[in-house]
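These notes concern the structure reproduced below.
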Amino acid sequence: MKREENTAKNLEDSFERQYLSRTQLLLRAFKKSKLAIISFWVLVFFYIVAILAGFLSPYDPYVNELKSSYSPPTRIHFFYNGKFTAPYVFKTQTIINPLTYERSSAERLELASIRGRNNNKQFEFTKDKVAQIDLSIREIINAYTDDGKKVELSNKTKTVNNLLKNERGILTDKRVVRVYKDRYMIDAYRDSFDYGYKLQGLKVVKIVRIFTLDSIMVMTNDFNIHTISGSTVKIDNYTFKRYPIKFFIHSWRYHLLGIIPSTLHLFGTSDDSRVYLFGSDKFGRDVFTRILYGSRISLSIGLIGVAITFSLGLFLGGISGFYGGITDEALMRTTEIIMSIPGFYLLITLRAILPMDIPSTQIYLLLVIILSFIGWPSMSRVIRGMVLSIKKREFVEAAIALGLPKRRIIWKHILPNTTTYVIVAATLSIPGYILGEAGLSFLGLGIREPQSSWGLMLAQAQDTYVIAHAPWLLLPGFFIIVTVLAFNLLGDGLRDAFDPRSLGM
Amino acid sequence: MLKYIIRRIIVAIPVLIGVSVLCFIIIQMAPGDFLDQLRINPAISKETIDKMTHQFGLDKPVVEQYFMWLKSAVTGNFGYSYSYRRPVSSLIWSRAYNTFILAITSLIFSWIIGIGLGIFSALHKYTAADHILTVLAFIGLATPAFFLGLILLYFAARTGTFPITGMTSVNHEHMTTIGKIVDILKHLFLPMLALGLIRLVGIMRQMRGQLLDVMHEDYVLFAVAKGMPRNVVIYKHALRNAINPLITMFGYALASLLSGALIIEIIFSWPGLGRLIYNALLEQDVYLVMGSLLISSAMLIGGNLVADILLAWADPRVRLR
Amino acid sequence: MGRKFLVIVFVLLLSAAISLAVETEYRVEPYHGQYGGTLINPSLGSGPKTLNPTVARETSSTDIIDRFLDFLIELDQYGTIQSEGRLAKSWDRLEGGKVWIFHLRKGVLWSDGVPFTADDVVWSFDKVWENPKIPSGGQDVIKDAEGNFPGVEKIDDYTVKFTLKMAFRPFLRSVGLTQILPKHVLAKSVEDGTFQQQWTVNDVDKIVGTGPFIPSEYVSGERVVLKRNPHYWRKDLDGKVLPYLDGEVFKIIADQNAILLAFESGEVDHMGPRSADYPRLRKEAVQKGFVVGLDGPTFGTQFFCFNFNTPDPVKRKWFRNEYFRKAVAYAFDKESVINTAYNGLADAQWSAVSAAAKYFYDPKVRKYPFNLNFARAMLKLGGFKLVGGDLVDKDGNPVKFIITTNSGNTVREDMCNILVEKLKQLGMDVTFAPQDFNSLVKKLLNTGDWEGLMIGLTGGVDPHSGSNVWKLDGDLHFWNYSPEKREYVKKQNDYYSPEWAKEIDTIYKQETTVSDEEAKVLFNKFQETVAEHLPLIYTVQQKYIYAYSKKVHNMAPTAFGGRIWNEYAIWKEK
């Protein structure tokens, strides 16, 4: 397709041809396709990342953190009280509203230090002295009816060691008031098991929740507990615990390159705080980590699958084309039968019969084998055709006449002539394996939990809930698209490069 | 021509028998059988299960089971579905027809749009429009089918323009003929789009490449040099030659459409063959699986035959023998 | 031809004469409503497979069969037996429960106009449900504790007598809920042995019933259409003959997400949302005109259990160790399961009987709230100890086992995931490997090659339905088969039968012959024994969620009957 440029430089080309080897020529032709070059480097990057998945992942991909299920990407703070600091996060928690059953994730602010006055007596607990600060908070819920009557629904205290952002006011004002006037929330109270019976037959116009600070309990490092009454306290200053993001830290154990045990990670956070770059899944596992780990399967399934398919295809196609006769007939009839069954139907039929009660790592191998089983017939037919035509070429006939062993002729003289085709076809067929694995995952026949693959992760995200409330779980789809795209563009570029016309010969 | 078709059909028979043997072997290798769901039901005793095993012939040797099936296949029944208690043939035809409708319309859709865009792309080579089309087409190619299907499903649900499930409306039976067709087309639109978009890119890229290649052939260059109008050169000479390889793709396109249809059928609740096979597989309704696989294979072989005939018709250099 | 025609005319005249002669005894239902409308139901999966009640085995089929076939007794929306039945107006229990006389409702017509009589009832039991050539799940239900069928005779056109070999407490519920089929339509097929090939999905035009709606159209993979039965035997408070609706449609939808979207866009009239979708529908309810609500738990139970006869004798010892099981029970973090897998919409379950079975449920059983320290204490009592972070038994064997469940059931997979992680914190080396349903069943019921398992069983109003599970020689006593029942247990020569298991066995042997009140006492004991010794560790139960369009009236969703149990009383605004 780049031919007119070539014709323009024709003179120059004929000059260079004598000085450039075939590889150099190929490389030069390939470099003309910018998209293919970009794709190549994207893929190289992906594969390096996949190999280093353990080092790059901040958390163990298989360990649950149920307190943070469906947590959105963690907010990384660079400022504290208006001052620029090293990046840090707060702990986050997922809360299911007991009335509406809505799930939400919020930062939990834990007090690190506190200073103030109580009955005109000064107190100060600095960060280095405090083990934990608990707050005892009284929550009163009142319902107001249309005739101005007040019904107390609840009045109880709870002790917490953290506050939500919008509850911070309780430290300065010692009181936070929330008013619900919309029908949705009023109905939620009316339908709830705890309060519903108190609201029967009443026309409620608003519900008011009042939080007041009952007391502050400070546990110091020497295990002394200081209780400060909430009604008399005046807090002047307080700070929250921050969890800085650390680089090159030691945390969970993995095997680098699958062999070297290591605990070193590129980044992470201390204690049980978490930084989710791409959010978390249902079990609170880090999506970023799982994408990295999933890439190992999604990226290798294509390579290994193609390797198996092409070895089978080359071997059987080569034999079939070279020897002919009964071997050829039997093999070709077999391929015909397999190719007559629509591929995906055959795929799920095979997958449905194969045992599931094997470790999820072996399921991976099984998938590769099934995917290759679907691919080899068409491959070997093409190779057979090529072998048939190459067989009639003079150099092969010469080799036969020289009495070279047949195996040697196939391997040394015939098959190498199919290389160009094989490389291009292989590159272009890798996406089929990646998408095939994703399709199987959608039907529940792919990789198994707790193992992850991009296809599985995307299939698990096909849920009305996820699309509306946790869209970050669709990210694996982005990576599938980019990878498949890159392989296609790379294959296209290679095909153009191998095209004799583009070599300038 | 007729001789050729008959010959091809005769050749297809041993292939189909091979398909049935292969499928039967694969299915028989699966652990468990159709009655497993009943075995774990507290209300059903072992004696009842034994009686059913005997009733279904599941206690007979595998080879005997196969020949029993083959006999019924020859008589046109394709065996007996355990869960529907009916001959398989009575179940699959309407489903195969529905899948065929879905596959053929999306084929036509992807071909018309694909060839159109391919020509456009080739004629506007290396322009912004060409690049945008190429990128969009590749993204379409790279998107997993179920992902694309679900995006369309959510889109339909949000806007409410197209029905989400099934192939016909509830009151389909009471519509006029035109109303019925419109009804089916409305239901067809989204699954067809989902299935067609995935295939579109291949056709578009192929068309673009072929047309560009042909444009450099000597006879085209000569025609241009002679001063023939550009449009005549392109549409009368170049295009006709460029389109031949695409016809060869037709048979393969049908194969991939049948395969791709399964996921789209599940997402849009389309009453097609793929869903039937999938459910039968999960339930281990052996003969239903066999029958459906055989029908889909026959459709595939038929598709290849049609492609060959079309090619002969389009390219006088090809002779059918 | 002519003669055939004459016969038909004669039959028609005769039936007309009879129907005129016998006044229909309508059952009056406490509803008001308006005629008209078609209710559109979602049907998840691949749609009905058959309309023959002896063949049907999944809800997409039985849901439709329940519309056109009736049984003798009637249940209310919580599953309690009512004093006035469906096809039986009343009944007498004689000779201590060995003889039952049913007085049939007079003047009931089949949907083709032929009168319903005692012949239909006698024929249905004698020739269909008790016929050894027609194997069906229903057959096992009507057998008594010793496996005998009840004897059936006709006294007169409207009286049927059942005679039992022994008193059988669940008799009324089992026989009374068995569908009565039309003799005049199906008798021939029983004789020529083609009964189970009758009433397939394509035979919709041949179907005759006494129910409110009769199938009229089947579109493969798409929908089943049902039409109003003009001869129905219920009336509302205003004297209108029911049902109100012109008909019903079951729309077959392959996927839960699609059902949700179809409901939101008005393609179906009601649905049972998953727990994660509940808040979304609640929010839309006012704007889009939905009614969305919650009900108590469902009847099914899910539990975790260990194989007492697992191949490895070392592991057998752990699994038979009560403290070990208690430790696992304490390590089961139900709250996390409820929040993660059920979005908060589930309840912890401690008893072997579902809380939905209100009469027999015993809330006072022992509970094992999540507490890893209690779990560690239990392990210590059981002779286990920690060595360098790994749990070992008293002989020093590291505790290592595999737990499984049927793959594809995401809720169970979630539960296992959570459990495995907690067990690891106790120092156990646990692997979770979900398996295909089919191969799992094979291992469970035949080879015994499994260790830990998360699975569920269907349940009912009466715990009697679990007798096959709990009796020592039960076909589903899979965690500890008796050596007589399974060869592999016999080979191990290591059968474990503790006192409490024998106690449960005795309870299940006694409960069929006593009254409901006495059975309640027995079943309380049963539930307490199970909770104390934990052969099965019960998990959580989903709350029943429903959503329907405001245009549909008289809906009364329950965990028992599904979203619709009173389809005859439902009407829909146009």
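Letters go in sequence order (proteins before strands), and every chain restarts at 1.
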Exercise. Taking only residues two or more places apart in sequence or in another chain, which ones pass ring pair (Phe, Tyr, Trp, His ring centres under 6.0 Å) with B:His131?
Worked result: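 For B:His131 there are no ring pair (Phe, Tyr, Trp, His ring centres under 6.0 Å) partners, ignoring immediate neighbours.
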
For this session: For A:Phe344, check ring pair (Phe, Tyr, Trp, His ring centres under 6.0 Å) against everything at least two apart and list the hits.
Result: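 Testing A:Phe344 for ring pair (Phe, Tyr, Trp, His ring centres under 6.0 Å), a comparison that skips the adjacent residues, returns none.
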
Exercise. In residues 464-475 of chain A, which residues are in contact with chain B at a heavy-atom separation under 4.5 Å?
Worked result: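 Contacts with chain B: A:Thr464, A:Ile467, A:Leu474.
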
As an exercise, state the distance from [atom1] of [X] to [atom2] of [Y], rounded to the nearest 0.5 Å.
X	Y	atom1	atom2	value
B:Leu300	A:Ile341	CG	CD1	9.5 Å
B:Ile301	A:Glu336	CD1	CD	8.0 Å
A:Ile337	B:Ser297	CD1	OG	10.0 Å
A:Ser340	B:Leu293	OG	CG	12.0 Å

Problem set entry | Side-chain donor or acceptor of B:Ser296 paired with backbone N/O of A:Pro342 under 3.5 Å |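 No, B:Ser296 side chain to A:Pro342 backbone: no donor-acceptor pair under 3.5 Å.
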
Problem set entry | Top contributor to chain B contacts, counting heavy-atom pairs under 4.5 Å, from A:Ala438, A:Gly436, A:Pro431 |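 Most heavy-atom pairs within the cutoff with chain B belong to A:Ala438.
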
Problem set entry | Closest-packed option against chain A by number of heavy-atom pairs under 4.5 Å, given B:Ile267, B:Val15, B:Leu22 |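 Most heavy-atom pairs within the cutoff with chain A belong to B:Val15.
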
Problem set entry | Minimum-distance pair of heavy atoms, taken over all atoms of A:Leu350 and B:Ile26 |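 Heavy atoms only, the tightest pair is CD2-CD1, 3.9 Å.
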
Problem set entry | Residue pair A:Ile480 / B:Pro144: nearest heavy atoms and the distance that separates them |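 Minimum heavy-atom contact is CG2-CG, 3.9 Å.
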
Problem set entry | Side-chain heavy atoms of A:Leu443 within contact of B:Leu262, under 4.5 Å |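 Yes, their side chains come closer than 4.5 Å.
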
Exercise. More than 12 foreign heavy atoms under 6.0 Å from CZ of B:Arg158: is that the case here?
Worked result: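 Open.
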
Exercise. What pairs with A:Asp463 under salt bridge (Lys or Arg N to Asp or Glu O under 4.0 Å), at least two apart in sequence or on another chain?
Worked result: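 Residues passing salt bridge (Lys or Arg N to Asp or Glu O under 4.0 Å) with A:Asp463: C:Arg274.
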
For this session: Go through the atoms of B:Leu16 and report whether side chain, backbone, both or neither lie under 4.5 Å from a heavy atom of chain A.
Result: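 B:Leu16 has no heavy atom closer than 4.5 Å to chain A.
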
For this session: Could you look at A:Leu435 and say if it's the side chain, the backbone, both or neither that has a heavy atom under 4.5 Å from chain B?
Result: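 Interface part for A:Leu435: side chain.
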
